[in-house]
Amino acid sequence: MVILCVLMSSLHAQAVGPEEASKYIGQKKTVCGKVFGGRFLENAKDGPTLLNVGAAYPNNPFTFVIFANDRKKFSFKPEEFLIDKNVCVTGDIKDYRGKPEIILSDSTQIMIK
């Protein structure tokens, strides 16, 4: 139990908010915030699921993305299950059209707070 508490404290010490994520493009970080909305674009190229963190689209400062090939690794529909939840996601922060994002390949990258 002590190890888990230390790990959680370490995670939150390194975490950044969705508004700060753009400062860390190219770095591996944990971004924590509330999921305000999401969509599974199953007919789009690569079938992305887009989840808006920090505010509703198009004002969200951060997005996390799950592509169709990785979606099967999730035991839930992210665009439904994660709405209105506070989450932390860990991964490499990338820039997509001027907005920071993390591409998730596995559900272990998400922690619900």
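Shown here for F36 and G54, the closest heavy-atom pair between the two residues is CE1-C, 3.4 Å. Closest approach of T30 and C88 over heavy atoms only: CG2-CB, 3.8 Å. Pairing each heavy atom of P78 with each of I66, the nearest pair is CG-CD1, 3.6 Å. The minimum heavy-atom distance linking K45 with P48 is given by the pair O-CD, 3.4 Å. In plain terms, the two heavy atoms of I25 and P100 that are nearest each other are CD1-CB, 4.0 Å. Counting all heavy atoms, side chain and backbone alike, A21 lies closest to V31 at CB-CG2, 4.2 Å.
Atom-to-atom distance recorded for F64:CZ and I93:CD1 is 13.0 Å, nearest 0.5 angstrom. Atoms CD and NZ, on E101 and K94 in that order, are 8.0 Å from each other to the nearest 0.5 Å.
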For F62 and V89: C-alpha separation, side-chain torsions, deciding distance, then whether side-chain contact (heavy atoms from CB on, under 4.5 Å) applies. CA-CA 11 Å; F62 178 75; V89 296; 3.9 Å; yes

side-chain contact (heavy atoms from CB on, under 4.5 Å), that's the test. Do L82 and I110 meet it? Break it down for me. CA-CA 10 Å; L82 296 173; I110 301 174; 3.9 Å; yes

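D106 meets the side chain to side chain donor-acceptor pair (under 3.5 Å) test with T108; sequence neighbours excluded. Residues meeting the ring-ring contact (aromatic ring centres under 6.0 Å, His included) test with Y57, sequence neighbours left out: none. When the side chain to side chain donor-acceptor pair (under 3.5 Å) test is applied to K77, no partner is found at least two apart in sequence or on another chain. With sequence neighbours excluded, the residues satisfying salt bridge (charged side-chain N to carboxylate O under 4.0 Å, His left out) with K73 are D70. Residues that satisfy the side chain to side chain contact (heavy atoms under 4.5 Å, CB included) test with N86, not counting sequence neighbours, are K34, K113. With sequence neighbours excluded, the residues satisfying side chain to side chain contact (heavy atoms under 4.5 Å, CB included) with A55 are N59, P61. Under the rule for a side chain to side chain donor-acceptor pair (under 3.5 Å), the partners of K99 that lie at least two apart in sequence or sit in another chain are N60. For S75, the side chain to side chain donor-acceptor pair (under 3.5 Å) criterion is met by no residue, not counting sequence neighbours.
R71 places a side-chain heavy atom less than 4.5 Å from the side chain of F40. Side-chain contact check for K28 versus Q14: every heavy-atom pair is 4.5 Å or farther apart.
A 6.0 Å sphere centred on NZ of K85 holds more than 12 heavy atoms belonging to other residues, nucleotides or ligands.
Applying the side chain to side chain donor-acceptor pair (under 3.5 Å) rule to pairs touching residues 15-25 yields nothing, sequence neighbours excluded. Sorted by first and then second residue, the salt bridge (Lys or Arg N to Asp or Glu O under 4.0 Å) pairs with a member in residues 50-64 form an empty list; sequence neighbours excluded. The ring-ring contact (aromatic ring centres under 6.0 Å, His included) contacts involving residues 70-113 comprise F74-F76, F76-F81, where partners must be two or more places apart or lie in separate chains.
A donor-acceptor contact shorter than 3.5 Å is absent between the side chain of E42 and the backbone of G47.
Through direct or relayed side-chain contacts under 4.5 Å between Ile, Leu, Val, Met, Phe, Trp and Tyr, V65 connects to L41, L50, F67, I103.
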